[in-house]
Amino acid sequence: MNSAASPVIAVLSQGCAANFGDGEKIARALSAQHPDCSISFEFPTEQPLAFYLNVCTVKGNGTALKLLQQAVTTFPQAPIFITGCAPKDFQEDARKISDKVAFTSLKALESMDSIAPKGLQNDMRILRQSPFVGIVNIEEGCLDACAFCSTKLVKGRIQSMPEDAIVDQVRRLVNDGCLEIQLTGQDCACYGFDTDTNLANLTQKILAQVPGNYKIRLGMGNPRHILGYKDALLECFQDERLYQFLHVPVQSGSERILQLMNRKHSVEDFRRFALELQEKFPLFTLSTDLIVGFPGETDADFQETLDLLKETRPTVCNITRFVARKGTVAARIEEANAADTPAVPDSVKHERSAKLFDAFQQIAQENNQRWIGKTCTVVTEKQGHRAGTTIARNCAYRPVALQGNIPAGKALQVRITKAEPFALIGERL
């Protein structure tokens with residue numbers, strides 16, 4: 001990255017770790033093309049040379065459009081390029097805000113990067129948002145066709161990165177000072193299904209070939225894919241360099257709703273895996289996703305979802321009220337409003353999501369209380385929302401709040417003294 005006096009290109013990402021990983025790739029490509037410019041991952045205070053908005057529209061267009069509006073209003077003369085999850089309906093909405101926006105893609109920018117002069121790029125610090133976190137996109141796309149998902153419309157079918165290329169990237173990031181490696185993608189669980197390998201094989205290869213003081217966080221994976229190599233994957237978590245954390249979205253506890261969603265796993269698939277995971281690793285952080293108000297969801301369907309939440313007891317749960325995304329099968333189901341799949345009123349969606357949240361908050365509180373009195377090693381990550389606090393991560397990727405403004409990247413011994421639903425409270429030893 002160049003001096004502060006250099007022209008600035010702003011690369012602003014939203015959404016999941018995979019999108020932030022793409023944002024860092026975009027930044028590296030732009031840095032190679034424009035060696036006299038600085039790259040900023042934050043909204044600039046002065047007019048930038050250009051904006052690259054790496055947007056997320058998974059939960060609707062609103063957040064992405066708000067970012068675009070901010071850029072257009074604050075710096076109306078700055079060129080704006082949009083990448084990321086930008087389906088057709090978002091592009092139409094974006095052009096209503098400004099007819100000067102240009103849509104591009106990571107592949108197009110990396111293609112330009114391939115013919116740009118490299119200079120000493122390979123000898124410089126790898127450009128990324130955090131000096132201590134390396135995001136490695138191991139695949140793009142997926143093997144599913146979930147009725148509610150608009151990401152598939154943009155990302156398409158799975159394309160896995162070669163294992164050796166991923167191992168090499170992890171090695172370079174660790175050698176460059178990364179303490180945390182995030183393996184990410186649209187569906188990490190089906191990594192390698194197009195190249196005759198899988199996520200467990202990849203993880204084992206990294207652990208075997210990349211020594212060092214770091215931890216790996218595995219990205220989101222759909223349940224049905226994990227089951228094919230479950231035992232090998234669970235064996236990986238015996239290595240202390242792997243965070244005991246996994247994001248496995250179930251979306252509903254009703255078999256009928258899962259079928260309407262075109263999800264290819266069963267409720268029992270998720271239940272068995274979740275219970276086995278927690279039996280083997282009692283303090284494991286299981287994360288999942290639940291959607292309420294999918295067209296046709298009845299009170300009985302919702303109750304099955306609530307029951308599954310209470311039985312599997314995840315420590316992290318993303319609860320979303322269903323919103324139809326234009327161009328998806330679910331949007332057509334909701335629009336049809338058939339007798340067996342009627343649209344769920346917004347008032348009912350709010351009521352159900354509130355019930356789920358209340359139950360989840362109690363579960364998360366009880367899960368976190370099991371940490372009280374334990375000592376553990378944590379690595380500081382960022383300043384906390386509460387003034388004068390710092391957030392660190394423990395071996396299960398649980399956030400631990402500490403008193404004091406402590407620099408990022410510090411390994412500390414702490415004792416857990418209190419627990420909240422969404423964080424642990426610790427004191428330094």
Side-chain angles (χ1 to χ4, degrees), residues 11-32 39 41 52-58 82-86 104-114 121 126-144 149 151-174 176 178-195 197-203 205-206 209-210 214-222 225-226 242-243 245-247 249 397:
V11 179
L12 308 178
S13 295
Q14 301 176 317
C16 65
N19 217 39
F20 276 86
D22 283 347
E24 292 185 352
K25 287 183 178 180
I26 289 168
R28 291 169 197 150
L30 292 171
S31 181
I39 304 296
F41 293 109
Y52 282 80
L53 307 183
N54 187 35
V55 301
C56 172
T57 61
V58 169
I82 297 179
T83 68
C85 293
T104 184
S105 67
L106 171 60
K107 288 182 180 179
L109 293 169
E110 288 187 324
S111 176
M112 294 173 64
D113 177 27
S114 68
Q121 286 292 318
I126 299 170
L127 182 59
R128 56 187 182 272
Q129 290 193 243
S130 167
F132 304 109
V133 178
I135 304 176
V136 181
N137 292 57
I138 64 174
E139 59 84 30
E140 184 171 291
C142 69
L143 288 174
D144 292 283
C149 183
T151 304
K152 181 67 176 282
L153 303 177
V154 179
K155 298 297 185 179
R157 193 170 175 82
I158 186 171
Q159 295 182 16
S160 299
M161 285 185 59
E163 276 187 340
D164 289 343
I166 294 171
V167 172
D168 181 63
Q169 186 177 355
V170 171
R171 183 183 296 110
R172 288 188 292 111
L173 287 166
V174 170
D176 198 35
C178 285
L179 301 176
E180 178 180 316
I181 300 296
Q182 297 182 1
L183 302 185
T184 187
Q186 276 68 58
D187 185 354
C188 291
C190 61
Y191 167 79
F193 285 17
D194 55 336
T195 56
T197 185
N198 60 52
L199 181 62
N201 291 340
L202 171 66
T203 303
K205 194 167 187 177
I206 293 171
Q209 297 187 15
V210 183
Y214 66 94
K215 284 186 179 294
I216 297 172
R217 192 194 77 175
L218 299 183
M220 187 276 285
N222 278 309
H225 302 307
I226 293 175
L242 200 63
Y243 280 116
F245 169 93
L246 203 55
H247 179 192
Y397 205 67

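Here, residue 1 is the first one in the sequence, and each next residue gets the next number. Values reported hereafter were calculated over all heavy atoms of this structure, with side chains retained and with hydrogens, waters and symmetry mates removed.
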Say you draw a straight line from [atom1] of [X] to [atom2] of [Y]; how long is it, rounded to the nearest 0.5 Å?
X    : Y    : atom1 : atom2 : value
Y191 : I138 : OH    : CD1   : 6.5 Å
R217 : L183 : CZ    : CG    : 9.5 Å
C142 : H225 : SG    : NE2   : 7.0 Å
L246 : C188 : CG    : SG    : 9.5 Å
I158 : Q186 : CD1   : CD    : 9.5 Å
D176 : R171 : CG    : CZ    : 14.0 Å

Considering non-hydrogen atoms only, spot the tightest contact between [X] and [Y] and give its length.
X    : Y    : result
C178 : Y214 : O-CB, 3.9 Å
S160 : G192 : OG-N, 2.9 Å
Q182 : A17  : OE1-CB, 3.7 Å
L127 : R28  : O-NE, 2.8 Å
S130 : R128 : O-NE, 3.0 Å
G221 : I226 : O-CD1, 4.0 Å

Those residues that, when tested against [X], pass side-chain hydrogen bond (donor to acceptor under 3.5 Å, both in side chains) (two or more places apart):
X    : answer
T203 : none
N137 : D22
R157 : none
T197 : E163, N201

So, [X] side chain and [Y] main chain: donor-acceptor pair closer than 3.5 Å or not?
X   : Y    : result
N54 : N19  : yes
T83 : L106 : no
S13 : F20  : no

*Which pairs count as salt bridge (charged side-chain N to carboxylate O under 4.0 Å, His left out) when at least one residue sits in residues 132-144, sequence neighbours excluded?*
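For residues 132-144, and leaving out neighbouring residues, the salt bridge (charged side-chain N to carboxylate O under 4.0 Å, His left out) pairs sorted by first residue read D144-R224.
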_E24 and side chain to side chain contact (heavy atoms under 4.5 Å, CB included): which single residue from I39, I135, I126 fits?_
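Between E24 and the candidates, side chain to side chain contact (heavy atoms under 4.5 Å, CB included) is satisfied uniquely by I135.
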*For residues D187 and L143, determine if any side-chain heavy atom of one lies less than 4.5 Å from a side-chain heavy atom of the other.*
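D187 does not reach L143 side chain to side chain.
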*Output all residues satisfying ring-ring contact (aromatic ring centres under 6.0 Å, His included) with Y397, sequence neighbours left out; order by chain, then residue number.*
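Expected list: Y243, F245.
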